[in-house]
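Read the structure below first, then the notes.
Note that these values count all heavy atoms, side chains included, but never hydrogens, waters or copies made by symmetry.
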Amino acid sequence: PGTRRHLSLGAAFTVLVAAAGAAFAANEPVRPPAPAKSVAALGRLEPAGGIVRLGLPSTPEAISGAVITRIHVERGADVKAGQVLAEADTIPVLKARLAESRADLETARRDAVASVSLAEEACVLAEVAARQSRRQAELLQRRLTSDDVAEQSKGNAEAGAATCKARRAAASVAQSRIASADAAVTRQQAELDRAYVRAPFAGRILDVHAHAGELVGAHGVLELGRVEQMVAIAEVYETDIRHVRVGQKARIKSDALAGDLTGTVARIRPKVQKLDEIGTDPAARKDARIIEGEIKLDDSAPAASLSLLQVEIEIRR
């Protein structure tokens, strides 16, 4: 038996050598296996531009954060750009400050009107005093008045001119106070606007993180997404990314979908990172490095309510 085994191995080796020699003699190089016709990757669905968390600013009235007093929308609601979604408890204080600033602006305007009136009055009196001074000077030349009267008239004219100049300067300062008060109103209005959570773009409310009476934390108030255009984020292994290009077609699969979705690679993100989507294979590389590719779906309707759904993606080469 041992001898027959050695003979069988020898015969097999002879056959392989003969095949290789025949290929060499025919000048036919050994061809590598044909490359795969697609790149497979795990991924997720998300709105175009990602999921945006809307928060509230930290203000002197709420150093550690603001408390929500009203929420105007619920999960799944479609909203328009600029629509008010929530309100903070700082609104009453900011409204009072805005009213105070507007009152200061009105006071500044009235002060400016009064200052202009006083300046006009002073300048009219100065003109009268100047005419009297010139008349007294003419009378003095003809010796029809005394030096004391002429000098006093001249002094009154000079004092009137100085008063006119001072009143006009005060009126200019009063006008400047109007600009300052108006700027204060604009600032207070901006602070008040910040106390309202508004939709920065049209989209759908995906989640609510704070409710009436709660302090807004790091998670923000709401999550908003542009679900009218969904994308699939493919986590492509760094060794396979060279086979992926913008414009390639892709197929997206998941048991949660009624059917497969199709799309086109729209962008390859310029960053290498760790794998996020972990499959069911226990032997998979959990520390693998991947590059994310954005696939614009041809039809976003089936995926509009499935943000962050894990999917399987096949990118055709």
* Asked: Would you say the side-chain atoms of Lys249 and Thr264 include a donor-acceptor pair closer than 3.5 Å?
  ->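 Judged by distance alone, the side chains do pair up.
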* Answer yes if the side chains of Asp89 and Thr69 hold a donor-acceptor pair under 3.5 Å, and no otherwise. =>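 Note: Asp89 and Thr69 side chains miss the donor-acceptor criterion.
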Minimum-distance pair of heavy atoms, taken over all atoms of [X] and [Y]:
X	Y	answer
Glu235	Ala41	O-CB, 3.4 Å
Ile51	Pro47	CG1-CD, 3.8 Å
Ile178	Arg109	CD1-CA, 3.7 Å
Ala234	Ile315	CB-CD1, 4.3 Å
Ala266	Val246	O-CG1, 3.9 Å
Leu224	Leu206	C-CD1, 4.4 Å

When the side chains of residues 112-133 are checked against the rest of the protein, which donor-acceptor pairs come out under 3.5 Å, sequence neighbours left out?
from   : atom 1 : to     : atom 2 : distance (Å)
Ser115 : OG     : Asp111 : O      : 2.8
Ser117 : OG     : Val113 : O      : 3.1

* Can you list the steps and then say if Arg135 with Glu138 is a salt bridge (Lys or Arg N to Asp or Glu O under 4.0 Å)? -> CA-CA 5 Å; Arg135 182 181 178 186; Glu138 292 175 358; over 6 Å; no
* To do: Can you run down the ring pair (Phe, Tyr, Trp, His ring centres under 6.0 Å) pairs that involve residues 179-220, sequence neighbours left out, and say none if there aren't any?
  =>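 Checked against ring pair (Phe, Tyr, Trp, His ring centres under 6.0 Å) - neighbours excluded - the pairs reaching residues 179-220 are His209-His219.
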I need the [X] [atom1] to [Y] [atom2] distance, nearest 0.5 Å.
X	Y	atom1	atom2	value
Ser153	Asp148	OG	CG	12.5 Å
Leu257	Leu306	CG	CG	6.0 Å
Ile268	Glu292	CD1	CD	12.0 Å
Ser254	Leu261	OG	CG	9.0 Å
Leu98	Thr186	CG	OG1	9.5 Å
Gln248	His243	CD	NE2	10.0 Å

4.5 Å side-chain heavy-atom contact, [X] and [Y]:
X	Y	result
Leu45	Ser307	no
Arg317	Arg245	no
Glu214	Ile68	no
Ser300	Val227	no
Leu85	Val221	no
Arg177	Val173	yes
Gln188	Leu192	no
Arg251	Arg316	yes

For [X], look at atom [atom1] and say whether over 12 heavy atoms of other residues, nucleotides or ligands are found less than 6.0 Å away.
X	atom1	answer
Asp255	CG	no
Gln189	CD	yes
Glu106	CD	yes
Arg70	CZ	no

Any ion pair linking [Y] and [X] (charged N to carboxylate O, less than 4.0 Å)?
X	Y	value
Glu191	Arg97	no
Arg53	Glu223	yes
Glu46	Arg44	yes

* Test log, rule side-chain contact (heavy atoms from CB on, under 4.5 Å), inputs Gln229 and Lys296 -> CA-CA 8 Å; Gln229 179 57 68; Lys296 182 179 179 180; 3.3 Å; yes
* To do: For the pair Ser180 (side chain) and Ser176 (backbone), establish whether a donor and an acceptor sit closer than 3.5 Å, ignoring hydrogens and angles.
  =>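 No; zero donor-acceptor contacts below 3.5 Å.
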* Could you go step by step and tell me if Gln136 and Lys154 meet the side-chain contact (heavy atoms from CB on, under 4.5 Å) rule? -> CA-CA 8 Å; Gln136 289 297 326; Lys154 181 180 179 181; over 6 Å; no
* Asked: When you look at Ile233 and Arg269, which way does the side-chain contact (heavy atoms from CB on, under 4.5 Å) test go after all the steps?
  -> CA-CA 10 Å; Ile233 306 301; Arg269 296 180 178 178; 3.4 Å; yes
* Test applied, side-chain contact (heavy atoms from CB on, under 4.5 Å); reference residue, Val236; option that passes from Ile313, Val39, Ile290 ->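 Output: one option passes, namely Val39.
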* Starting from the C-alpha separation in whole Å, work towards a yes-or-no answer on side-chain contact (heavy atoms from CB on, under 4.5 Å) for Asp260 and Ile252. => CA-CA 6 Å; Asp260 294 348; Ile252 297 91; over 6 Å; no
Which atom pairs, donor and acceptor, lie under 3.5 Å between side-chain atoms of residues 74-83 and protein residues at least two apart or in another chain?
from  : atom 1 : to     : atom 2 : distance (Å)
Arg75 : NE     : Asp207 : OD1    : 2.7
Arg75 : NH2    : Asp207 : OD1    : 3.1
Arg75 : NH2    : Val208 : O      : 3.2
Asp78 : OD1    : Arg204 : NE     : 2.8
Gln83 : OE1    : Lys80  : N      : 3.1

